[in-house]
Amino acid sequence: QVQLVESGGGLVQAGGSLRLSCAASGRTFSQYSMGWFRQAPGKERECVAAISYSGRSTYYADSVKGRFTVSRDNAKNTVYLQMNSLKPEDTAVYYCAQGRYGRMSADHTEYDYWGRGTQVTVSS
């Protein structure tokens, strides 16, 4: 049974930074892509970042390019999302997800497993 557990969310002022972590268990982590999604109240879920199984390929939503960095440590079965220069519009619940394939994807339908989410709140 796959389990994904996010941590690192919280309240931060605009311009600040947070680092989210997602610890995975249940299947061979290094074989699957990972993604970070977020959902704000009244808005659709969006993929903010994704990373291939090897970590060599990454994807970023336009809204976070240059501010967020996704990375993974396959030895620790963990994926990270470093978030810098945070803005109030980044406020959302952030979810970690494990993909069905090794290649990265921004399509939520290509992700089989999801964490419970961690709240990120950015105050102005």
Side-chain angles (χ1 to χ4, degrees):
Q1 181 179 359
V2 174
Q3 287 192 320
L4 303 174
V5 180
E6 302 100 335
S7 61
L11 173 64
V12 64
Q13 288 189 333
S17 298
L18 284 173
R19 188 194 197 203
L20 304 184
S21 299
C22 172
S25 62
R27 62 177 183 175
T28 308
F29 180 77
S30 60
Q31 293 183 350
Y32 300 96
S33 64
M34 298 295 294
W36 285 98
F37 292 75
R38 69 185 180 188
Q39 188 164 23
K43 294 190 176 181
E44 292 188 356
R45 177 176 42 186
E46 66 168 331
C47 180
V48 295
I51 188 166
S52 64
Y53 73 102
S54 65
R56 285 193 289 267
S57 297
T58 56
Y59 161 87
Y60 296 98
D62 288 343
S63 57
V64 307
K65 275 181 185 175
R67 300 188 298 122
F68 290 12
T69 303
V70 62
S71 61
R72 65 189 296 161
D73 185 336
N74 285 344
K76 295 183 178 180
N77 290 356
T78 302
V79 63
Y80 305 96
L81 186 67
Q82 178 68 45
M83 305 186 294
N84 299 329
S85 302
L86 283 161
K87 305 175 180 180
E89 51 263 43
D90 294 318
T91 295
V93 177
Y94 283 71
Y95 299 90
C96 165
Q98 189 171 69
R100 189 173 307 137
Y101 312 110
R103 58 178 170 79
M104 63 172 187
S105 173
D107 182 352
H108 72 278
T109 65
E110 294 190 4
Y111 288 82
D112 290 331
Y113 299 97
W114 295 80
R116 293 188 174 185
T118 185
Q119 177 70 46
V120 171
T121 303
V122 184
S123 63
S124 57

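- Side chains of Thr91 and Val120 form no contact here, defined as non-hydrogen atoms less than 4.5 Å apart.
- Under 4.0 Å is where a charged nitrogen must lie from a carboxylate oxygen, and between Lys87 and Asp90 no such pair does.
- In this structure a side-chain-to-backbone donor-acceptor pair under 3.5 Å is missing from Thr69 to Gln82.
- Contact of the Tyr60 side chain with the Val48 side chain is not registered, since no non-hydrogen atoms from C-beta on lie closer than 4.5 Å.
- With contacts defined as side-chain heavy-atom distances shorter than 4.5 Å, the pair Ile51/Met104 does not qualify.
- Ring planes of Tyr111 and Phe37: perpendicular class, angle over 60° (limits at 30 and 60°).
- Cation-pi geometry between Arg45 and Trp36 is not met at under 6.0 angstrom from the ring centre and within 45 degrees of the axis.
- Counting only heavy atoms from C-beta outward, the side chains of Lys76 and Phe29 never approach each other to under 4.5 Å.
- Between the side chain of Glu6 and the backbone N or O of Cys96, at least one donor-acceptor pair lies under 3.5 Å.
- Hydrophobic clustering (ILVMFWY, side-chain heavy atoms < 4.5 Å, transitive): Tyr94 and Val12 are in one cluster.
- Proximity of a side-chain donor or acceptor of Thr78 to a complementary backbone N or O of Ala23 within less than 3.5 Å is not detected.
- Panel note: side chain Thr28, backbone Ser30; no donor-acceptor pair is recorded below 3.5 Å.
- At a threshold of 4.5 Å between non-hydrogen side-chain atoms, the residues Val93 and Tyr95 count as touching.
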Stepwise side-chain contact (heavy atoms from CB on, under 4.5 Å) test for Met83 and Leu20: CA-CA 8 Å; Met83 305 186 294; Leu20 304 184; 3.7 Å; yes
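- The backbone N or O of Ser52 sits less than 3.5 Å from a side-chain atom of Arg72, completing a donor-acceptor pair.
- When side chains are defined from C-beta on, Tyr32 does not count as touching Val2, because their heavy atoms never get closer than 4.5 Å.
- Between Met34 and Tyr53, every side-chain heavy-atom pair lies at or beyond the 4.5 Å cut-off.
- A salt bridge links Arg38 with Glu46: the distance from a Lys NZ or Arg NE/NH1/NH2 to an Asp or Glu carboxylate oxygen falls below 4.0 Å.
- Hydrophobic clustering (ILVMFWY, side-chain heavy atoms < 4.5 Å, transitive): Tyr80 and Leu4 are in distinct clusters.
- At distances below 3.5 Å, at least one donor-acceptor pair connects side-chain atoms of Arg100 with backbone N or O atoms of Thr109.
- Panel note: side chain Gln3, backbone Ser25; no donor-acceptor pair is recorded below 3.5 Å.
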